[in-house]
Amino acid sequence: MGITGAALVALGIICISNPLSTVISLAWILGIMTLVSGFATLLNWFNVRKYFPQSGSVLLSSILQIMVGILFLRHDLAFATVIPIVFALFLIIEGANLAIRSFDYRKVGFKLWWVNLSLGLLATVLGFLSFCIPGVGGTTVSLFVGLGFVIVGLVYIVALFAINRFEKCKNSNPWIDEQ
């Protein structure tokens, strides 16, 4: 657990300090996942076509997934530029949605409705910045991915200390039954 936690923290720091490499890596990961999904869907089609004669859409879906996966892998730099745009669209749509829903929360008496409004507006502004300044989107995606790895890594490290402490307490406490 400690090695995994330390590795995740290190990976997070690498992601934060190398935004372009992180976004290109995400393009590769998405490409591989889409390719694997396409092949899995194709295998599924071979099984279901006997029972569902109108299953051509499953075949078409699998072929499209395989093609998109290959495109992601062959043109990683091009798709790396698309990822921040998709991220920006997501932030704009979800941010606006959060801001609008915050007024519903206010109606039902939720006292911290303004936090949702503020975060929704902040997400929307960040989304627009990602569109206007291309580097912001990629840097933000890399920052979020990196922070995610750092947080998960720290959770592993803290869990390791908690488990060690629990084992010490358990071994020193005669009142705990071992099962």
Side-chain angles (χ1 to χ4, degrees), residues 4 7-8 11-12 14-16 18-105 107-108 110 113 115-117 119-153 155-156:
T4 302
L8 286 170
L11 182 60
I14 291 169
C15 288
I16 292 169
N18 297 307
L20 180 62
S21 299
T22 300
V23 175
I24 292 172
S25 298
L26 286 173
W28 268 86
I29 290 168
L30 290 172
I32 291 169
M33 289 173 50
T34 307
L35 196 60
V36 168
S37 175
F39 281 118
T41 304
L42 182 63
L43 291 175
N44 183 40
W45 176 76
F46 282 117
N47 290 329
V48 299
R49 68 185 171 132
K50 300 175 249 188
Y51 308 109
F52 303 107
Q54 305 300 324
S55 64
S57 63
V58 175
L59 176 62
L60 179 62
S61 174
S62 68
I63 291 170
L64 289 175
Q65 287 178 33
I66 291 169
M67 288 171 51
V68 168
I70 291 169
L71 284 173
F72 262 90
L73 294 174
R74 295 227 357 141
H75 303 288
D76 54 351
L77 285 175
F79 281 99
T81 60
V82 171
I83 290 172
I85 294 169
V86 171
F87 177 69
L89 283 171
F90 172 77
L91 282 178
I92 291 169
I93 292 167
E94 284 302 311
N97 188 23
L98 275 174
I100 291 168
R101 278 190 291 152
S102 69
F103 293 106
D104 291 335
Y105 297 148
K107 274 185 186 175
V108 296
F110 184 58
W113 66 273
V115 173
N116 274 16
L117 175 64
L119 292 174
L121 292 174
L122 182 64
T124 304
V125 168
L126 186 59
F128 280 116
L129 279 175
S130 295
F131 266 133
C132 297
I133 307 168
V136 170
T139 303
T140 305
V141 169
S142 298
L143 180 67
F144 285 165
V145 169
L147 286 175
F149 281 135
V150 168
I151 290 168
V152 171
V155 167
Y156 274 114

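Keep in mind it's a predicted model, so treat the numbers as computed, not measured.
- Taking each heavy atom of A80 and A27 in turn, the nearest pair found is N-CB, 4.1 Å.
- Heavy atoms only, all atoms of each residue included: G138 and P19 are closest at O-CB, 4.2 Å.
- Remark: I32 CD1 to L73 CG distance equals 5.5 Å, nearest 0.5 Å.
- By the side-chain hydrogen bond (donor to acceptor under 3.5 Å, both in side chains) test, D76 is found to be paired with W28, residues two or more places apart in sequence or in another chain being considered.
- Atoms OH and CZ, on Y105 and F110 in that order, are 8.0 Å from each other to the nearest 0.5 Å.
- Between G146 and C15, the shortest heavy-atom distance links the atoms CA-CB, 3.7 Å.
- Once rounded to the nearest 0.5 Å, the distance linking OG1 of T124 with CZ of F128 reads 7.0 Å.
- Remark: W45 engages no residue in a ring pair (Phe, Tyr, Trp, His ring centres under 6.0 Å) (not counting sequence neighbours).
- Rounded to the nearest 0.5 Å, atoms CZ (F103) and CG (L117) are 4.5 Å apart.
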In residues 90-101, what donor-acceptor pairs under 3.5 Å come from side-chain atoms, sequence neighbours left out?
| from | atom 1 | to | atom 2 | distance (Å) |
| --- | --- | --- | --- | --- |
| N97 | OD1 | R101 | NE | 3.4 |

Run the side chain to side chain contact (heavy atoms under 4.5 Å, CB included) test on L30 and I83 for me, step by step, so that the C-alpha distance in whole Å, both residues' side-chain angles and the decisive distance to 0.1 Å come before the verdict. CA-CA 10 Å; L30 290 172; I83 290 172; 4.0 Å; yes
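- Between the T34 side chain and the G69 main chain, no donor and acceptor come within less than 3.5 Å of each other.
- Rounded to the nearest 0.5 angstrom, L71 CG and I66 CD1 are separated by 12.0 Å.
- The side chain to side chain donor-acceptor pair (under 3.5 Å) contacts involving residues 142-153 comprise nothing, where partners must be two or more places apart or lie in separate chains.
- Between L129 atom CG and L122 atom CG the span is 9.5 Å, to the nearest 0.5 Å.
- Applying the ring pair (Phe, Tyr, Trp, His ring centres under 6.0 Å) test to residues at least two apart or on different chains, the pairs with a partner in residues 57-84 are F72-F79.
- With sequence neighbours excluded, no residue forms a side-chain hydrogen bond (donor to acceptor under 3.5 Å, both in side chains) with S102.
- For the pair L43 and N47, the minimum side-chain heavy-atom distance is 4.5 Å or more.
- No side-chain heavy atom of V141 sits less than 4.5 Å from a side-chain heavy atom of T22.
- Applying the ring pair (Phe, Tyr, Trp, His ring centres under 6.0 Å) rule to F39 yields no partners; only residues at least two apart in sequence or on another chain are considered.
- With sequence neighbours excluded, the residues forming a side-chain contact (heavy atoms from CB on, under 4.5 Å) with A88 are S130, F131, listed by chain and number.
- By the 4.5 Å heavy-atom criterion applied to side chains, T41 and Q65 are counted as neighbours.
- V86 meets the side-chain contact (heavy atoms from CB on, under 4.5 Å) test with V82; sequence neighbours excluded.
- Checked against side-chain contact (heavy atoms from CB on, under 4.5 Å), S21 has the following partners two or more places apart in sequence or in another chain: N18.
- Under the rule for a ring pair (Phe, Tyr, Trp, His ring centres under 6.0 Å), the partners of F144 that lie at least two apart in sequence or sit in another chain are F87.
- For V115, the side-chain contact (heavy atoms from CB on, under 4.5 Å) partners at least two apart in sequence or on another chain are L112, L119.
- Residues L8 and V150 fail the side-chain proximity criterion, which asks for heavy atoms closer than 4.5 Å.
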